[in-house]
Protein chains: 2
Amino acid sequence: MPVPPSAPRPTLEAVAARAGVSRATVSRVVNGGAGVRGPLVARVRAAVEELGYVPNQAARTLVTRRNGAIAVVVAEPESRFFTDPFFAQQVRGISRELAAHDNQLVLLLTGGGADHERVGRYLTGGHVDGALIFSLHADDSLPVIARKAGVPTVIGGRPTWPDPDARRRTLYVDCDNRGGARDAVRRLLALGRQRIVHIAGPLDQPASVDRLDGFRDVLPGVGAPMIAEGDFTPEGGARAMERLLERSPDLDGVFAASDVMASGALRVLRSRGRRVPDDVAVVGFDDMVSVAEWTDPPLTTVRQDIEEMGRLMAQLLLHALESESDPDGLPALSSIITPTRLVVRDSA
Amino acid sequence: MPVPPSAPRPTLEAVAARAGVSRATVSRVVNGGAGVRGPLVARVRAAVEELGYVPNQAARTLVTRRNGAIAVVVAEPESRFFTDPFFAQQVRGISRELAAHDNQLVLLLTGGGADHERVGRYLTGGHVDGALIFSLHADDSLPVIARKAGVPTVIGGRPTWPDPDARRRTLYVDCDNRGGARDAVRRLLALGRQRIVHIAGPLDQPASVDRLDGFRDVLPGVGAPMIAEGDFTPEGGARAMERLLERSPDLDGVFAASDVMASGALRVLRSRGRRVPDDVAVVGFDDMVSVAEWTDPPLTTVRQDIEEMGRLMAQLLLHALESESDPDGLPALSSIITPTRLVVRDSA
DNA sequence: GCCTGCCGTGAGAGCGCTCTCTGGAGACAT
DNA sequence: ATGTCTCCAGAGAGCGCTCTCACGGCAGGC
């Protein structure tokens with residue numbers, strides 16, 4: 001990079017000299033200017049402007065023990081996490097909220113194993129004030145690592161650890177998967193469907209389990225043959241659909257645990273000559289713009305506001321960080337469950 | 001967060017005391033241990049282990065002027081950038097490379113305007129050693145901002161600024177859009193197609209222009225009516241396809257500048273009763289797994305290795321950073337154009 | 001007009017680390 | 001045995017900032 005011998009950035013000292021005041025005064029002005037008289041403030045501001053002074057974050061962090069950065073940790077054992085827009089939307093929400101509070105977003109991707117260890121070291125290293133963790137699977141060690149590192153954490157999605165105490169102390173943000181699933185199934189019922197099947201997500205993921213539970217809430221009688229497990233990919237959805245058609249050739253309603261799987265199911269239904277929604281009504285989950293609106297026919301689905309969930313995660317963590325400095329014990333913060341909403345299009 | 005009065009993290013000093021050596025020696029050991037005798041190294045290592053010492057990054061940065069962090073700046077005026085997996089894949093490649101060299105990834109999302117200014121301040125603040133910038137449109141100010149901030153930068157995709165000098169000094173990574181487009185069109189030609197049309201991307205983006213140029217390289221004679229501009233969305237692809245069908249009802253080959261647009265085009269062709277590839281052959285661009293393999297029929301397309309491009313961006317920047325410290329002028333680094341490859345499936 | 005009290009400013013001590021510089025100890029040649 | 005050279009460890013000076021503390025000046029009360 002052709003940078004002219006990188007003009008050494010001005011320091012507090014330089015600004016102080018220029019404004020004819022002490023370092024302390026400049027520091028006060030830079031940090032809000034409370035307790036400094038008007039004319040002086042103006043003089044310092046001018047000096048800052050002229051010199052193009054920007055505070056050195058490292059020096060600041062060294063003394064304040066605050067670095068204005070939040071880690072977003074993503075466990076990505078499969079690449080699925082990255083081929084589906086779910087993650088990206090959530091990150092966008094997080095980024096918005098963080099930026100609004102002048103916090104930086106440090107992205108940590110981990111494939112498990114040695115990577116996890118690296119992440120653990122990083123968190124322990126005190127590089128960040130807090131962490132936002134996405135771990136897909138129930139048994140993931142990431143949240144535990146963060147806890148050990150003593151880093152305040154908010155989890156994306158309901159964690160499923162057995163220890164109730166750990167569970168209580170863990171903040172998370174999730175959508176109302178179970179309620180959303182109930183709405184989906186009720187929609188199929190309202191359309192008069194009699195033989196409704198479910199394409200579930202991988203059942204080691206809490207979201208999948210919750211959606212299945214919602215399905216069962218409304219249809220307590222249905223047996224295992226009416227349920228097939230997919231893997232949140234179109235292929236998985238397609239295969240599940242094939243199995244279900246084999247087992248229940250007369251099915252007339254499908255609730256898929258994700259839009260992406262629903263799109264695979266639609267393909268299979270079409271190739272089998274079943275008309276949607278006339279012969280078989282299909283409801284998805286997520287309301288992923290790029291998927292739900294562009295299937296054929298457009299998908300009726302359960303909408304969750306993914307970006308908002310990201311925003312809320314960041315907000316919750318920021319609050320936790322603030323109240324942490326309270327000397328008097330635990331803050332009254334709790335996890336958040338966001339509502340879902342049925343979006344009716346053509347498939348059901 | 002219920003953290004026990006956060007046990008103060010051990011410092012170098014503490015480790016030194018425990019190992020019975022000086023701070024300097026501990027520092028040497030922590031940083032590789034060169035020039036320290038074996039037994040001492042072992043003693044220090046043991047002390048580090050026992051105390052669970054982790055270096056304080058802020059303090060280190062303060063003196064080394066290196067912070068081991070790279071900014072990834074994403075201009076995201078539309079949300080498109082985030083609903084399409086392109087970005088995510090690239091980030092994954094970047095993350096891999098950065099992690100392998102113990103650099104952190106700071107994600108900066110900007111919607112333009114005031115956000116850009118915030119990003120500029122951040123870069124100027126010296127929080128990061130370098131920046132990787134994705135700006136979609138030709139006129140985006142981000143690269144200029146980075147240059148002003150004096151931060152070494154690598155751009156994702158060929159930048160299009162008029163000043164040839166600025167262009168020469170700018171490092172970027174892009175795929176061979178033009179060559180890939182030529183391959184796509186040649187494929188259609190090889191299939192004996194006579195009336196080939198092009199669905200272009202937004203022509204304010206270099207990638208779109210390059211792909212169009214490639215199309216014209218092979219088919220210099222085709223007129224404007226055979227080309228329609230889309231916007232890299234399925235809808236845009238569909239609308240472009242409709243226009244083209246109107247203008248050239250006898251078309252028998254389509255080269256779409258992206259898989260996503262191709263998927264929209266396929267929809268329209270199907271609904272018009274044209275068989276693919278029998279009546280109309282279609283070639284896309286990108287080889288986006290979640291799209292190309294799951295269209296109906298699966299898409300013949302031009303593959304670009306997006307993740308690899310991300311990796312190369314990070315690598316290039318890291319190299320630039322290293323050689324920057326060379327006193328003797330500019331390093332012999334240059335931008336990278338990655339090859340593309342035609343992937344033949346069923347649509348052409 | 002002097003003392004008390006307060007407000008606004010400056011001085012200075014670190015935060016935890018790196019890195020240069022110095023000095024002591026040992027190896028080797030004289 | 002003496003001198004020279006090399007190598008390794010320690011002392012100490014900052015990096016740029018914040019924050020406590022002390023002090024000087026000015027208002028108000030007596």
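Within every chain, numbering begins at 1; the chains are lettered A, B, ... in the order of the sequence lines, protein sequences first and strands thereafter. Only heavy atoms go into these numbers, but all of them, side chains included; no hydrogens, no water, no symmetry mates.
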A.B. asks: State which residues pass side chain to side chain contact (heavy atoms under 4.5 Å, CB included) with B/Val106; sequence neighbours excluded, sorted by chain then number.
C.D. replies: A/Gln104, A/Val106, B/Ala69, B/Leu108, B/Tyr122, B/Val128
A.B. asks: Using the test side chain to side chain contact (heavy atoms under 4.5 Å, CB included), find all partners of A/Ile145 that sit at least two apart in sequence or belong to another chain.
C.D. replies: A/His116, A/Ser141, A/Leu142
A.B. asks: In chain order, what residues pass the side chain to side chain donor-acceptor pair (under 3.5 Å) check against A/Asp174, with sequence neighbours excluded?
C.D. replies: A/Asn177
A.B. asks: Give every residue pair that meets the side-chain hydrogen bond (donor to acceptor under 3.5 Å, both in side chains) criterion with at least one member in residues 32-51 of chain A, sequence neighbours excluded.
C.D. replies: A/Arg18-A/Glu50
A.B. asks: For A/Val36, give me all partners under side chain to side chain contact (heavy atoms under 4.5 Å, CB included), at least two apart in sequence or on another chain.
C.D. replies: A/Thr25, A/Arg28, A/Val29, A/Leu40, A/Val41
A.B. asks: With sequence neighbours excluded, what pairs up with A/Glu117 under the side chain to side chain donor-acceptor pair (under 3.5 Å) test?
C.D. replies: none
A.B. asks: Just to verify, what does A/Pro55 make a side chain to side chain contact (heavy atoms under 4.5 Å, CB included) with, not counting sequence neighbours?
C.D. replies: A/Val30, A/Tyr53, A/Arg60
A.B. asks: In whole angstrom, give the distance that lies between atom CZ of B/Arg37 and atom P of D/dC7.
C.D. replies: 12 Å
A.B. asks: When every nucleotide of nucleotides 15-25 of chain C is labelled 5' to 3' by its protein contacts under 4.0 Å (heavy atoms), B for base, S for sugar-phosphate only, - for none, what sequence of letters results?
C.D. replies: BBBBB------
A.B. asks: Just so I know, are the side chains of B/Gln90 and B/Met313 near enough to count as touching, which here means a heavy-atom distance under 4.5 Å?
C.D. replies: yes
A.B. asks: Name all residues meeting the side chain to side chain donor-acceptor pair (under 3.5 Å) criterion together with A/Arg118; count only those two or more places apart in sequence or in a different chain, and write none if there are none.
C.D. replies: none
A.B. asks: Name all residues meeting the salt bridge (Lys or Arg N to Asp or Glu O under 4.0 Å) criterion together with B/Glu307; count only those two or more places apart in sequence or in a different chain, and write none if there are none.
C.D. replies: B/Arg92, B/Arg96
A.B. asks: Given axes from five pairs at either end, by how many degrees does the helix from C/dG1-D/dC30 to C/dT30-D/dA1 bend, rounded to 10°?
C.D. replies: 50°
A.B. asks: Which residues in residues 38-46 of chain A have a heavy atom closer than 4.0 Å to any atom of DNA chain D?
C.D. replies: none
